[in-house]
Structure formats: structure tokens, C-alpha cells
K.L.:
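Take this structure first; my questions come after.
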Amino acid sequence: MKASNWLETHPARAVTVAPDASLPEAAALFLEHPEVRDIYVVDEKGRVCGHLGFRRLAGLLLAHLRPTHSRRQLVERVTAGAVREHMDEHVLCMRPDERISEVFHHHMERRVEDIPVVDADRRLLGVIRVADLLRKAIEPAG
Amino acid sequence: MEILLIGVLLLAGLAFGTLGSHYFGVPRVVGYILIGMLFSPDLLGDYLGLDAARWTQPLVAIALGIVAYLIGGAATVGQLRRLGVSIITATVGKVAGAFLLVFAGFVWMGVSVPDLPGWGVPLVLAALATITAPAAIVAIIHQYRARGPLTTALLGMVAMDDALGVVIFSVALALLAADGLVSALPLVVWEIVAALVIGGIGGWLIERISRLLHEHELRLVALIGAIVLLVGLAEAWHFSGLLAAMTLGFTARWFGGVHAERLFEPVEQLEEMVFVLFFTFAGLYFDLSVAVEHGWLILLFFVLRAAGQVIGSWIGARLGGAPPAIANNVGLGMLPQGGVAVGMALMLEGQPRFAEVATLAINIITASTLLTESIGALAARFGLRRAGELNAANGGHDGGHDDEGK
């Protein structure tokens, strides 16, 4: 099935945040939308420029609960900046005309749970939730 | 036999370290070192016919390359800026203070070995004195739920100061290898510049390659391959492998951006294994007669290093505008010394000319590690208490947002 067809039958709104937002602001968005595990960072023109996952954000904000740190994590802990400092700039997005079966495994390898669908200008059209794909897969036939 | 021994060292070291830590509350490194000592020539080593110097060197070089890569990749330029001036100046002051006081003290005492100029031993020990063990300090901060500006400064400093230590140690080795300050210049320039250039190119390449490798396992192969290749090139072309590996990490992080877990997370998982190897190997080389004979040198090293970094970090922190609560206590929190310093001392064993200074350095650093891991923990706790930061994380919102970085 093509991404555009899936979005018509399973509409899911992507949650977005500005690059200059603080980490607690991003956390508040996650808490506001408990079903969301990935939020997308969009620039002033609405184009996707980054991605922030729930586990990464939780790891940053709860670093003081971790008994051991690598040097990299130590520096992250004491230099917490805005969302842009922690987002993954290499976001794997789908085009509306791409088939889910062709790109799904790439997303799973990157350990992201939602698949963003963007237009030619990288503006978000929607998001394909892996949970919805799973729900569909275990539905009884017919 | 050697492969069998490595397996025994890893497993028995792990068992002794964790059991000792669990039942007696001693740092794990104590167990690692004790297991190594069991296989030293004085005990089982001679009986089993083991010659540690012959087979540990390639492992030490690779393991040190792995740690140097992680040290280099600890921070981005942007993060360094956000760390704040006072943390940077306190780190520089701490490193400079430890280096200068240890160097001056050992020159004054006239400690030397044959085959090296009079400043050789003081230079090696002074370079090793600049290294700190983050794990022990993080454990104390976690255990006592410390939070506040001093905690932030300590966490930032322990993450950064080893990078300066690696540079100082690399230059010191180049100076010693050249045997003379004037004749050393071209060699030092080559050792450093080649390491920076080749490590830098390697960092760029590995970052580009890692984008094509989505699987964690494949990235680990690429990263370890790059580190080993670089260390091997350094050996063949006579530049600093330690500095090259650190530059590899720094540039890989630079090009990979802040979100560069993919370049470091797989390698970070190897760090504890590297330290088990370092400490057990240090135990293998540990010679009780040398330690007893040079007991006063161990004490001197410990006192000079501690005094140097307390004074140096105070001056650095004050120059950077840090409040007295940070300046007066930050040096006390930085006493623990561990794996990286031990690994560097072990590296000296690789060159016959450094054999005597290596034996001395390994014994001093190993014994001083045992001292700093215990006394250092007490000093860090004292400093944090004096700054009013012990149990500060329990102030009504434990588990909430950590505002250290604010």
C-alpha cells in the first residue's frame, strides 16, 4: 500500500516542535500525546529538519538517575541546550507515492516508531504509526 | 596460554571486582588489580612461564586507541562553548597544576632512570598525573544525589580533562623518543601534526561511511576497524597513535553533530572491558619489591598531584569567575585516577628504552590508583558536602528535571 492511501484510511497527526524549544517543552508535548513516541522538528517554513525520540529525550532529562555515564553523556548532561542541539538531523521520511513495504525495514533499523510522510518540500503530510500497522496486521482477515 | 590467561583475567577480574564491590564496598578496580597480581612473575607468572611484556602490548595499544577515540568524541564545539568559561579555565588550571607540581617535585628530588635524561621520569609522571577517572566521581555524585553548580563543574571537568592529558602525554613521549629538546622539534612536529591530519581525515571518512551502515553491528566493525588501522599506521609511520585516535573521535563527532550516538554508543560498550584489561595487566606488571622500595615516590606522587590540582583548579576557576563554592572544592572532587593513566603507563612497556621508567610508572600509578579511588571518594564527598550539594537532588522533586545545565 502507498503511504498516501494509508494516511487516508489511518489519519494520524504528527506532533511537531520548533528547533529553539527547550527540552522540557518537548517533554510536555510527549506527555500531552501519550501515543506519540517521535516528534518532528520543523523550521519556520514548516519543513522537517530533525527528529527527537521519546527515549532519547527521557535519557537526557533523567540523566541524573543513571549511575554510570560515558564521557559523551557527561557533557550532554551539563550542556543541555535547545531541541536543535539534540535532534537527529538525518530523518528518514517517506514520500506519499512510496510503498510502505519498500521502506518499512529501513525505519525499523533506525529504531524509530513512527514514519513521517512528507511532500517534495519536506512539509509533513502525516505520520504512519507502527502501532497502527501492527494492529492492521493482526486483524482477522475479512 | 596467553589467550587462556586473557580469558581468565577478564572473567576472574570481573568476578573479583563485582564481588568485592558488592560485599566490601571497595571499588571494582581493586579486584581487577588483585587478579592481575595473582598472575604476576612473583606469584603464578614465573611458574606458568608468562612474559607479559611480549603479548600485552598490541592489546594495550588497541585498547588505549579505543579509549582515546571516546575521549575525543566527548563533546562538540558547541557543547564546549556551552560548558562555560569557568569550567574550561578550572580544567586547564587543574591539569596545569597537577603537571607542574609533579614535574617540579620529581625534578627536585632527582628521580631518574638510566637511558633517559634527568627530566624523563618527572615528565612521564607529570603527564600521567593530569588524568582523572570519571567513573568514580560519577558514582559518588549518583550515590549522594548531589546536584548544583559544583556538581555540574565536576561532571564537565572529568569529561574534558583527559583530552588535555592525552595531548600532554603524546608530546612528552615524542620529546623522550627524540632524546633532547632541540633535536626533538621536527620529530615532535611530525608526531603531532601527522596524528592530527591523519586522525582528522579518518574521522571525516568514518562519519561518512557510518551513514551507509544502519545496523549497529556493522558500525561497530567499521569503528573498531578504523581505530585499529589508525593505531597500526601510527606504529608504522611513527606518529602518535593516541593523539590520532583522539582526533578521529573529535572529528567524527564534529562532522556527525550532537546526535552522534551511532558513532560512539557501540564503542562505549567496550570501555569497561578495556579497563578490566588495563587494571589486570597493571596487576601482572606490579612488582611488590619495586612498590615497597619506591613507597615514598608513590606517596610523593599522590601528594603533589592532589596539591597541584587543588591549587591549579582553584586558580583556574577564580580566573574564570567561578564562585568560591566551586573554586574551593572542585579540586578535591577530581582526585580519583584510573584506567586511562594505567593504560598509558602500560604503553611505555612497548619500547625497550622505556622499560625502566615503565616499571616505575606502572607501579606508582597502580598503587596511587588504589589510594585515589578510596581517599579520592572521601575528598569528593567532603567537597560536595562543603558546597552544600550532597542530597540536593532529594529536595522535593527527586526524579524530576535535572537543571544542572541551566
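We name chains A, B, ... by the order of the sequence lines, and we start the count at 1 in each one.
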K.L.:
Measure distances from Ile71(B) to the heavy atoms of chain A and classify the residue's part below 4.5 Å as side chain, backbone, both or neither.
P.N.:
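For Ile71(B), backbone and side chain are both near chain A.
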K.L.:
Could you grab the distance from atom OG1 of Thr79(A) to atom CG of Leu155(B), nearest 0.5 Å is fine?
P.N.:
11.0 Å
K.L.:
Out of Gly50(A), Ala27(A), Pro67(A), which one racks up the most heavy-atom pairs below 4.5 Å with chain B?
P.N.:
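The residue among Gly50(A), Ala27(A), Pro67(A) with the greatest pair count is Pro67(A).
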K.L.:
Heavy-atom pairs under 4.5 Å with chain A are the metric here; pick the option from Leu70(B), Val158(B), Asp162(B) that has the most.
P.N.:
Asp162(B)
K.L.:
Could you check whether atom CZ of Arg123(A) has more than 12 heavy atoms from other residues, nucleotides or ligands sitting under 6.0 Å from it?
P.N.:
yes
K.L.:
What distance do Glu76(A) atom CD and Gln79(B) atom CD have between them, rounded to the nearest 0.5 Å?
P.N.:
6.0 Å
K.L.:
At their closest point, which heavy atom of Gly156(B) faces which heavy atom of Val78(A), and how far apart are they?
P.N.:
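So the minimum-distance heavy-atom pair works out to CA-CG2, 4.0 Å.
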K.L.:
At what distance, to the nearest 0.5 angstrom, does CD of Glu272(B) lie from OG of Ser70(A)?
P.N.:
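Answer for the CD-OG pair, Glu272(B) versus Ser70(A), is 13.0 Å.
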K.L.:
Closest heavy-atom contact between His142(B) and Leu65(A)?
P.N.:
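The answer is CE1-O, 3.1 Å.
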K.L.:
Looking only at non-hydrogen atoms, find the nearest pair between Thr132(B) and Arg71(A) and report the distance.
P.N.:
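For Thr132(B) versus Arg71(A), the nearest heavy atoms are O-NH2, 4.5 Å.
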K.L.:
So how far is it from Thr76(B) OG1 to Glu85(A) CD, rounded to the nearest 0.5 Å?
P.N.:
7.0 Å
K.L.:
I'd like to check His64(A) versus Arg145(B) (side-chain heavy atoms, cut-off strictly below 4.5 Å). Are they in contact?
P.N.:
no
K.L.:
Apply side chain to side chain contact (heavy atoms under 4.5 Å, CB included) to residues Val138(B) and Thr68(A) and explain how you reach the verdict.
P.N.:
CA-CA 7 Å; Val138(B) 173; Thr68(A) 59; 5.7 Å; no
K.L.:
Distance check, rounded to the nearest 0.5 Å: His69(A) atom NE2 versus Ile141(B) atom CD1?
P.N.:
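Going from NE2 on His69(A) over to CD1 on Ile141(B), the span is 9.0 Å.
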K.L.:
Can you name the nearest heavy-atom pair linking Val75(A) to Ala75(B), along with the distance?
P.N.:
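The answer is CG1-CB, 3.7 Å.
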K.L.:
Is the number of heavy atoms from other residues, nucleotides or ligands within 6.0 Å of CZ (Arg55(A)) greater than 12?
P.N.:
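Result for CZ/Arg55(A): open.
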K.L.:
If I measure from the heavy atoms of chain A, does Ala135(B) come under 4.5 Å with its side chain, its backbone, both, or neither?
P.N.:
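Contact with chain A is absent: no heavy atom of Ala135(B) under 4.5 Å.
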